[in-house]
Amino acid sequence: MAVSVVFCIIAGVICRLALFQTDLPIWLETKNEVVTPITAWERVEEGLALKKSMVSPYTGDVFHEVQPINSLIHLILFLKELSDFRTFLVLLKTIFTYSRLKSTPKMLHLDVKKYSVNVEDVLLKSKDLRSLPLIVVAVHVFNPYSISICLAKSTAVLSNLSIFIFIIRNIYKLDNLLLTTLFIAVSTYQSFYPFIFCLPVASYFYHVSFHSAAIIKHYIPSFGLFLFWFMLLLGISYSIEGSWTFLYSTYGFILNVPDLSPNVGVFWYFFTEMFEHFRVFFICIFQINSVIYSIPLAVKLKRSPVFFLYMMIFITSIFKSYPSYGDIGLCLSLLPLWKHTFSYMRNLFVVTCMYIVCTVFAPILYHLWIYAGSANANFYFAITLAFSAAQIFLVTDLLFAFLRREYDLYHGTNHKLENGKTTQVVLE
Amino acid sequence: MGVLSDPKQRQKIIKAVTKYNKLLCVILYLGGVFGFLALAFEPFHAGTYFSENALLPGLVENEFRLDSEARSYNEELHKEIKKSDKTLPKDWMFKQFQNLGLDTYYHNFSLHYPFGMPRDKAIPGQNIYSILRAKRASSTEAVVMSVPLRHPGVMPNEQTSGGIAVMLALAKHFRKQTYWAKDIVFVLTEFDEIGMQAWLDGYHQTKSDYIISEDLPGRSGPIQAAINLEIPGEAVTSYNIKLEGLNGQLPNLDLCNLVVRLCRKERAKVTLNKQVDSYERESWDSYKQSVTTMMYMMWNQASGTPTGNHGLFHRYHIEALTIQGTQEEKPYKTLGVEQTSRLVEGIFRSLNNLLERFHQSFFFYILPSTRGYISIGLYMPPFGAMIAACLIKISLFQAIALWISRYEEEEEDKETEDKQSDDESQKVTDAVSGIVSIIPVIAISMLMASLAYTGPKLLTNVSHPFRLRPEDSLMFGLLALFCASVAFPKMFNKKKPDHAVLHLDWKLLKCIALIVQSLTLFSIALMNISLAFFIGVAMVPVTTLIVPTTSRSLLLLLLVSPASLVFISSIIAAWLDQHNDISQLLYMTWGNMKHCIFMKLLDLYLFGNWTYTVMSFVIFPCWLLFWAIPNCNTDIDV
Amino acid sequence: MYYLQEKIGEFFKSGHTNNWAVLVDTSRFWFNYRHVANVLSIYRSVKRLGIPDSHIILMVADDMACNPRNPRPATVFNNVNQHINVYGDDVEVDYRGYEVTVENFIRVLTGRLPPSTPRSKRLLSDERSNILVYMTGHGGDGFLKFQDAEEVSNVELADAFEQMWQKRRYHELFFMVDTCQAQSMFQKFYSPNILAVASSHVGEDSLSHHVDPALGVYVIDRYTFYALEFLEKAKPGSKKTMGKFLKVCPKHQCISTVAVRTDLFNRNPDQVLLTDFFGSVRNVEILSHSVLLPNITSKSSHCR
Amino acid sequence: MISTLLGESVAILVDSHVEELLIKPLPSGHVYFHFQFTTKWDESLDQPDSFKHYGLFPKSLGDVLTTYKVQELHLSQTQGLWHHDKWGYPVTSAPPGAELWVWFQPTITNIDETWSELVNALSGHFCSSLNFLDSKSTVAPRWSFRPHGVASEGYSSFSRFIRYGALPREIVCTENLTPWKKLLPCNTKVGLGSLFKAIKLYDANYHSLGLHVRPVCRNSECKETSIELSQSLSVVFDPVTSNWSLKKIFGDFLSSRCPLTTSSKIFVDITSNLPDPIFTLSPEADSIKTVKRGDDTRQYAVYDIGLQTANGRVFNIASRYDKPLEYTDIVKPPVSAQRFITGYGLEKGGVTSLIYNNLDSNLTVIYMETLPWFTRFFYKSLTLSNQGTLVQPYKINYIPGKDRGRPYHLEIVFRLRANSVTKISYDFERAFLKWTEYPPDANHGFYIGSAILSTVLPTSVNYTTPPQYSTVLENSFKDDSESYFLRLHTETLLVSLPTPDFSMPYNVICLACTVVAIAFGSIHNLTTRRFTLLDPSKKKGILAKIKGLFKRS
């Protein structure tokens, strides 16, 4: 198994290196589905150029990364072969994912004792678990989305990495709240939304502590620590930047969506066509919407925090203000972790088709709109809308399947009424 | 979401679909094709109209009165051409423009022949262009009038000297007018499209590997529209409008309408692809006429090669078309350079009135006549129906039942219940294994595709030392590749001695293949409906109906393989050139075929024509997927 | 004393002491030449009849005179045989191009302009001013399009006039509109002393008069064409009445039917002089002895 | 004795007015007319109390200067583009559209506020839309625009007191001419002003109204300053047959001189006649003046309007060409520039400027570029190259733009190699605007103002600008300086931005909200409900209800 994983990774590295030789990267670097104003590589370069000529990159409206990222990439630039670095990152990720999986069974069957009888066929079997790492690695390595962001040198790779690490921390060092929150802070620091991951983490620790104290007792420290780290990081970039202006051009930029260039999300055209006096109101609505789901989920999924975490990653990646393939790549690579619930999903086929169709049509329609000038914005908007819809179907379907499976785990798979008739299970 | 989520409904649908599947497929396919053709019938499509108010076609009176100048220019030019046999009197033209007091420039470029030749060898070329500065505007916009410089050698009706005369006469007239809001750029291009491409590259500072164009010494603003003239020296009898551009892109319908309207105003006969409109409207003959016109247009569009200089402007989002003077045996009216000048003057007055770039009217349309148009909204449904045939087919397969959760199966009758739940996880693993088993096929077809795409470069390079003409080497090389790919299922057998066929879930394979195919066709249709339509017509029936291990489906598949598609199209091309005698036809076909592949590649390298890419990189692998199916064995059904 | 009162009475016979005109062309683009010609025709007339440029707010959404497409630069003719250049040699356009927006228009009427706005762009009228408001452009039932991008609805307009009335910005107001379904523009008016005329009924289009083949555009709309014809005959001192003016352009000329609204107007149009709106004629009377006038126009300062 | 009297009378005159007309036949067959009206008022700007009694100086303008604390004001309104390659250099260069730059007095407190008030005032004054010069299109150039009048070193070295703005799309027409000519001491009744017929003037290939106010030295030792108001009107005509005359071009004769002027003269550049005459002027010039300025010798035919129109004669200058001119390649001026948009598509784009130096000596030039915020300038892509070799600029002043706030402003100081072409190129990204931010003619495109090239020429070949100390043309005849300041405006550019569908707002809002609602609805359902076994024995109603629920999820 391990061999094949390694083989997979190597294959991935090779395929990326190979693609770097084609002119695909140049094309991808400016594709608006792949890179956003925040993660675009050319904007980072612009920031560096400005820095070099003693102009603060934040005086303009081109550069939106946080400062240390900027310097970090500065370092990277010294490693000549950039592609190597990227693929190295990928490798890193996959290894982490792999190690994370070691602990899967523990996670998945925490309270096996409570299960109902004859649920063998829905229980995770060890052979599934064994095949799982390979699948995850394979999916990640050959996932066109993560390949594309790797080729486009999008800085989303970095944020994904930090999220990965944070997951590992979360799972691996079961007790280590300190590091976990640190990594949440890091990823929040770069792409703001992850701050919401504090909730799952808290409920996780509540969980692993086997419900020792009230859950609220777990929220407070994790949030507190998170805030501490976050402030620390901000402090660092303040010391680098020497002024707080960067706050507006990074988080302000994320929060009130001044840049309306198309992406795969729902924001851009919505706020292009929005009436001025409703703008603020709707921005609040949309931003809240992207995190509000954490509350019901926190209640519903308190028994399985890892899944909760995954749901949050997914939902934020749908509803963040500048989504890109980077976020989707992240989610899809982790999707196979819930392979055991797939058999309960209802729209997998439809969703898959929608994904494929949108991914193929998006660039075509963009070309027709922007270059050929023969189609107009609505065509492209339709596609991005469909794409978001597909993601929403997927995430809701996954949630459904997960809950449905849990139901079966506790109530057995063949559902009989008192009178012994089989019947169907419904939400009520 | 309702239908998707409600299990009962979904069951019903699926049951129905699976029951009448074949019937549905056939109906949809035929309905699609005939529905498409029916659109050419006048009552079924809308009549053309102007949606851009600014054009104000024909409201302004013609002021061009320089008939004698126009004629004398024409004669002088003839003299000059006679005088300097074999070479074009460029300097004479240059002088003429300069004497009118326009900013006139030479533009040099060089062509590196992509095939076989060493890179350093270059063919030099030279365009002449001349800018009439709008008097009271600040050179922020421009419109282009272009004429290809054709060698005196070509056939008289291919000559464009008349166009040059018209251009000079108009330049002289326009020079005196004060009402220009846009600069007018007169361009004379050498080697037709190549010169045009070079000039456009120079104007937009875009780089190309094979056409190296020098910097332009003078410039104007962004180009709003362009009219290309192909008017022979002698009087013509009718004007033919050519629209189809690179990769089947079309100019804004308003531009086309404008030209038609003004031709009518000049009482000149106007044709599309040399097809006249019939006079009576709702008769069978008129319908036939419209279908032919439509088919001609779609044929040209499908080829993806521009039908004239205008085709190259489209890439730069510049609306352009070609007005071609045609001569017939029994003219009912002859049109000299003066009439043409008046027509073009009218067009340019209207273009000058334009305040925004063309954005109002349609860009996706098919013209069955100069009076009517079929918009994307009309032709997409029939096309969609045609493609839907494959989508319906997909639903036949267990694959679906697998993708859709076991949730429905619970609804199914009680007795199946237990088995269902048993082989559930079994099924999942099977699915995975199924997909895995298919991966090699996909991999191979991708490999073949990339070979077919990159091959030509190699071939032509090797062809040079072997004293082979690049055409031949291409032809044979690609044929060889094709044969190899046809034989690829046999390669598998080597590994598996026990079975004479592929071990893979053919239904899943077909399912995937069909999805890929319909996706491909749809995305082609977005850019070039004609190409998608023709390919669809050919491939869809075969690919939907094939089943493993029947020689019939093998044959059918071979019939719609990319190779034979090219072959068929070249036969049609030959037939369109009126080579009816069969032997000659076949001979022509062979020639055409070589020529066609060769030209497509040339277009790809020089202008970025996608047709070859699509065929080799998209259609070919898709076909290979299907090709694997008849070589599967049926016994491992899921 | 009584004598004095009556003197004052006849001094302010027409009830107004100054005249203002707000002339608006709302449509841009060369092919809307005729709308600019319309508004300039009226501009020319009112100027000829004595309203000074300082009292005219002229809004022209696009520049036709110096449009490069115009073969006769710096001129706008409202007639194919060009006897009147309505653009004149000393025209002063106050709002032009992108400045012609619904917001600016309403602000000018209601006087709610930013402090830095120069005097020439303000409507400095008082409760003794007679105001002529002329609008032309592309309209529909209940709205008038500004530059093909935004539109002013008849309700907004009515409210703006009401606000003017409450802020005592006019004494009498003559509203004149030449557009499709023009009648709908004044249907919603409810403020007093407004006389309104429109080129067409609801459901009717207002048609253009004729094309100038040299320009290749329609040069003027029918209603304004005949209105101008009428005004051209009037001299500064003329005794023509509004009544006559409202009868201008019967159906056989306009093809659309001219709509008039007089119910808000408390005088009989046939007694109202044309020059009460189109000119600024004050009857001056030399008195042998000095008269002490009660301060009538004191409140007129508020709108500055 | 008379002369002494005259001298005294001039001396006691507080303000003087000079009207001049320079006529220059251009090699391309066009004819260039430059009217120059210079009013000099011996009052200094810094004591506002002196602005009480106005002579020739227009009061309306005086008010503007005092209220807004203006030190120098330069306004130009231009129609058409000056083609340097064909026409050489104008007397005062101006970009297409309107251009305004102002130096404020050091005593000023809130400069940006004052600027916005000033532009409003001016827009009312000159019937133009100068009030659109808001923070989105205003910059404070550091090197390109130094004060033209007398100014202390410390003051002029700050770019704090200057504001520059240009409206490339501003149209110029009669309504702009009207207020402009109202500023002339004797309006258009008499003198050169009587030639201003809008119908003729606006039929020109190039038409530029200029208005420049600045403090100048009152006399040679420059103890105290006076205010100089210089109004210029340049027009370039294309007499289709090369013969021209005042009557033919302006549609009128000159009948009298403006009595308020100290001198009113017409200069015709007849240098092209020098070796052998090409055209003949009638009537005979009062005097022929040969001017040696730097290394360039020119010959002018000088007419004094006063003399010509004495005792009621009408005066018309006509030139007759013996043979029609044939068009040949024209010698390029020392420095010229060409600027254009590169690339295609509505996503990215580039701007390239080619700067030609036709001299045999290197030049140091300042290149200034101002881009609106919606064309996002990429600093990293800025390259200066000369025949393929990269050029290192001496200094760069770059102020990045802010979305909806501030334009991208760039100033480069670099060296032009002798006899070479230097290429400045950079890329920009086109922003996607809100639908309310597009103008009514969104698909026409947006204008980028012209770039400005400033340098000091060592030669005065076809250089006509009068010397620094006075804008009176005649002074340029006795100019003995060695270096000549040149400012050059390039073409304005038209870029089209991607446009949304303006008819869609409601549909878009509904659709987007629907998608969000789907997510919200289904997650809400799944999290707030429990799974249970459906009991068919229960009555149908519930089933239907549950189905209903299901449909929503």
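Protein chains get the first letters and strands the later ones, always in sequence-line order, with residue 1 at the start of each.
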Given the options B:H204, B:K95, B:H317, which has more heavy-atom pairs under 4.5 Å with chain D than any of the others?
B:H204
Under 6.0 Å between ring centres, would you say that holds for D:F237 and D:W244?
no
Is it the side chain or the backbone of D:Q338 that comes within 4.5 Å of chain B heavy atoms, both, or neither?
side chain
Do B:W199 and B:F313 have ring centres separated by under 6.0 Å?
no
Which atoms of B:D201 come close to chain D, meaning under 4.5 Å heavy atom to heavy atom: side chain ones, backbone ones, both, or neither?
neither
Contacting moiety of D:S496, where chain B heavy atoms sit under 4.5 Å
side chain
Structural part of B:T140 lying under 4.5 Å from a heavy atom of chain D:
both
What part of D:H207 is in contact with chain B, defined as an atom under 4.5 angstrom from a non-hydrogen atom: side chain, backbone, both or neither?
neither
Using the salt bridge (charged side-chain N to carboxylate O under 4.0 Å, His left out) criterion, which residues pair with D:D238? Sequence neighbours excluded.
B:R175
Sorted by chain and residue number, the ring pair (Phe, Tyr, Trp, His ring centres under 6.0 Å) partners of D:F340 (sequence neighbours excluded) come out as none
Heavy-atom contact with chain B under 4.5 Å, split by part of D:Y447
side chain
Chain B contacts, top residue of D:G345, D:A204, D:S28, D:P95 (heavy-atom pairs, under 4.5 Å):
D:A204
Is it true that the NZ or CZ of B:K90 lies under 6.0 Å from the centre of B:Y106's six-membered ring and within 45 degrees of the ring axis?
no
Using distance alone, with no hydrogens and no angle criterion, decide if B:N228 and B:H310 have a side-chain donor and acceptor under 3.5 Å apart.
no
Non-hydrogen atoms of chain D under 4.5 Å away: do they reach the side chain of B:L102, the backbone, both or neither?
neither
Centre-to-centre under 6.0 Å for B:Y129 and B:F186, is that the case here?
no
When only pairs under 4.5 Å are counted, which of B:K176, B:R219, B:R136, B:Q205 shares the most heavy-atom pairs with chain D?
B:R219
